[in-house]
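I am attaching a structure below and will ask some questions about it afterwards.
For this chain, numbers begin at 1 and follow the sequence in order.
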Amino acid sequence: MDVEWSPVVLPNTPLFRTTLPKHIVDYVWERVEEAKINNIDHKHSLAGNISKSLEMNDPENYFWNEVMFPLTSHIIDSVPGKWLPDLNHTVKVNPFLRWWVNFSKQTEFNPLHAHGGCLSFVIWLKIPTHYKDQHELPISKTANIPAASDFTFTYSNILGQHCEYPIHMSPEMENQMVVFPASLRHQVYPFYECDQERISVAGNILWNIKLTD
């Protein structure tokens with residue numbers, strides 16, 4: 001007599017990934033160019049060991065309304081107790097967006113870190129290298145885990161074992177966006193043998209807490 005088994009997948013928090021449409025990508029690039037003009041340094045707030053990071057604006061909350069608000073509302077509404085701060089009825093909380101653009105050169109990196117707030121995201125705008133070439137470099141080629149140029153999430157599984165989820169960088173990743181819990185630890189490995197910059201936008205969804213009457 002055969003024994004039939006069904007897998008039981010324990011609940012977990014998903015990541016969300018999309019390819020941004022052209023009009024949104026164009027808007028993000030406009031904000032990047034504006035950030036270059038305003039030149040408000042953001043490096044002091046970052047873990048990243050990179051050349052330059054600049055604060056960005058979102059005039060009239062366009063990116064928030066078109067991209068982040070629908071997804072943020074869906075995530076928060078799915079399990080309110082997980083995402084909403086533990087506050088009493090005398091306060092009101094509203095999410096808001098803070099974002100910045102990173103310019104990274106070869107050998108620069110972001111060490112393992114987490115963000116503040118509720119949710120975080122990253123948008124890859126310009127990736128001048130291909131992970132296949134980076135993983136073939138002498139420092140990576142014979143490694144058990146080639147990781148040059150990768151963006152990697154780090155987490156524990158149900159057995160408490162250390163796990164990594166790498167996202168391999170290449171020009172095909174341009175205009176891709178990933179949204180993840182702000183407390184999820186992640187890192188960006190350096191790339192090599194390329195004089196061009198990698199340009200990415202990152203941000204957090206934070207809580208604006210106000211007293212109510």
Side-chain angles (χ1 to χ4, degrees), residues 15-76 94-110 113-131 149-151 153 167-182 184 186-191 194-208:
L15 310 181
F16 293 86
R17 183 169 171 175
T18 190
T19 300
L20 294 173
K22 184 180 183 304
H23 70 283
I24 296 295
V25 173
D26 290 344
Y27 175 81
V28 175
W29 273 114
E30 289 172 4
R31 302 285 69 77
V32 169
E33 293 304 316
E34 178 187 59
K36 290 179 182 179
I37 296 172
N38 294 336
N39 198 32
I40 302 176
D41 181 66
H42 191 70
K43 278 189 63 178
H44 63 280
S45 300
L46 297 183
N49 291 233
I50 62 176
S51 292
K52 184 166 62 174
S53 180
L54 301 174
E55 293 184 12
M56 292 172 59
N57 294 318
D58 183 24
E60 299 181 0
N61 296 318
Y62 180 80
F63 186 81
W64 168 253
N65 290 328
E66 294 294 320
V67 179
M68 291 308 303
F69 178 73
L71 177 60
T72 301
S73 298
H74 167 73
I75 293 173
I76 293 174
N94 293 303
F96 70 97
L97 167 70
R98 178 172 293 159
W99 60 344
W100 58 92
V101 56
N102 295 324
F103 302 88
S104 303
K105 299 181 183 296
Q106 61 176 323
T107 75
E108 299 177 348
F109 62 94
N110 275 270
H113 66 286
H115 290 195
C118 171
L119 297 169
S120 295
F121 63 87
V122 60
I123 304 168
W124 294 283
L125 291 178
K126 181 182 178 183
I127 307 297
T129 58
H130 200 294
Y131 76 92
S149 81
D150 289 353
F151 181 105
F153 291 107
I167 299 179
H168 300 312
M169 293 291 103
S170 71
E172 288 77 15
M173 284 299 300
E174 292 178 354
N175 306 332
Q176 295 279 316
M177 178 178 180
V178 172
V179 178
F180 53 93
L184 179 60
H186 54 285
Q187 61 188 336
V188 184
Y189 290 94
F191 62 89
C194 177
D195 293 330
Q196 298 182 58
E197 287 182 319
R198 173 187 287 185
I199 302 176
S200 60
V201 169
N204 296 325
I205 306 305
L206 303 164
W207 291 116
N208 184 17

Problem - Heavy-atom pair of closest approach, residues Thr107 and Phe109 - result: O-CD2, 3.7 Å
Handout entry: Aromatic ring proximity Tyr189/Phe191, centre distance under 6.0 Å
Key = no
Exercise for the section: List the atom of Asn65, the atom of Pro70, and the distance in Å for their closest heavy-atom pair. Expected result: O-CD, 3.5 Å
Handout entry: Any donor-acceptor N/O pair, Arg198 side chain to Ser149 backbone, under 3.5 Å
Key = yes
Practice task
Can you see which heavy atom on Glu55 is nearest to which on Trp100, and at what distance?
Solution key: CA-CB, 4.2 Å
Problem - 4.5 Å side-chain heavy-atom contact, Val178 and Phe151 - result: no
Practice task
Determine the sole option in Met68, Arg98, His115 for which the side chain to side chain contact (heavy atoms under 4.5 Å, CB included) test with Ile205 is passed.
Solution key: Met68
Practice task
Return the minimal non-hydrogen interatomic distance between Ser170 and Glu172, and the atom names on each side.
Solution key: OG-OE1, 2.7 Å
Exercise for the section: For Cys194 and Thr129, work out which heavy atoms get closest and say how close. Expected result: CB-CG2, 3.6 Å
Exercise for the section: Take Asn61 and Leu97, measure what side-chain contact (heavy atoms from CB on, under 4.5 Å) needs, and give me the verdict at the end. Expected result: CA-CA 9 Å; Asn61 296 318; Leu97 167 70; over 6 Å; no
Practice task
Measure up the Trp99 and Tyr27 rings against each other and bin them: parallel (under 30°), tilted (30 to 60°), perpendicular (over 60°).
Solution key: parallel
Practice task
Enter the distance from Gln187:CD to Phe153:CZ here, rounded to the nearest 0.5 Å.
Solution key: 11.0 Å
Completion exercise
Rounded to the nearest 0.5 angstrom, the NZ-CD distance for Lys105 and Gln196 is 10.5 Å
Practice task
Using a 4.5 Å cut-off on heavy atoms from C-beta on, say whether the side chain of Leu46 contacts that of Asn102.
Solution key: yes
Practice task
Apply the test side-chain contact (heavy atoms from CB on, under 4.5 Å) to residues Met173 and His168: give CA-CA distance (whole Å), side-chain angles for both, the deciding distance (0.1 Å), then the verdict.
Solution key: CA-CA 8 Å; Met173 284 299 300; His168 300 312; over 6 Å; no
Fill in the blank from the handout: In this structure, CD1 of Ile40 is separated from CG of Leu54 (nearest 0.5 Å) by 8.5 Å
Exercise for the section: Output the distance between atom CD (Glu66) and atom CG (Leu20), rounded to the nearest 0.5 Å. Expected result: 11.5 Å
Exercise for the section: Would you sort out whether Leu15 and Leu184 count as a side-chain contact (heavy atoms from CB on, under 4.5 Å), showing the intermediate values? Expected result: CA-CA 10 Å; Leu15 310 181; Leu184 179 60; 3.7 Å; yes
Practice task
Determine whether Pro128 and Glu197 make a side-chain contact, defined as any pair of heavy atoms from C-beta on separated by less than 4.5 Å.
Solution key: no
Practice task
Would you please classify the geometry between the Phe63 ring and the Phe121 ring as parallel, tilted or perpendicular, with 30° and 60° separating the classes?
Solution key: tilted
Exercise for the section: Considering non-hydrogen atoms only, spot the tightest contact between Lys43 and Ile50 and give its length. Expected result: NZ-O, 2.9 Å
Exercise for the section: Test side-chain contact (heavy atoms from CB on, under 4.5 Å) on Phe16 and Leu119 and set out the steps. Expected result: CA-CA 11 Å; Phe16 293 86; Leu119 297 169; over 6 Å; no
Fill in the blank from the handout: CZ (Phe103) and NZ (Lys36) are apart, to the nearest 0.5 Å, by 5.0 Å
Handout entry: CG-CG distance between Asp26 and Asn175, expressed to the nearest 0.5 angstrom
Key = 9.0 Å
Problem - Any side-chain heavy-atom pair of Asn57 and Asn38 under 4.5 Å - result: yes
Practice task
Examine distances only and state if a side-chain atom of Gln176 and a backbone atom of Arg17 form a donor-acceptor pair shorter than 3.5 Å.
Solution key: no
Problem - Greater than 12 external heavy atoms within 6.0 Å of Asn39's CG - result: yes
Practice task
Indicate yes or no: at least one non-hydrogen side-chain atom of Val67 is less than 4.5 angstrom from one of Met177.
Solution key: yes
Exercise for the section: On the 0 to 90° scale, with breaks at 30° and 60°, tag the His186-Phe180 ring pair as parallel, tilted or perpendicular. Expected result: perpendicular
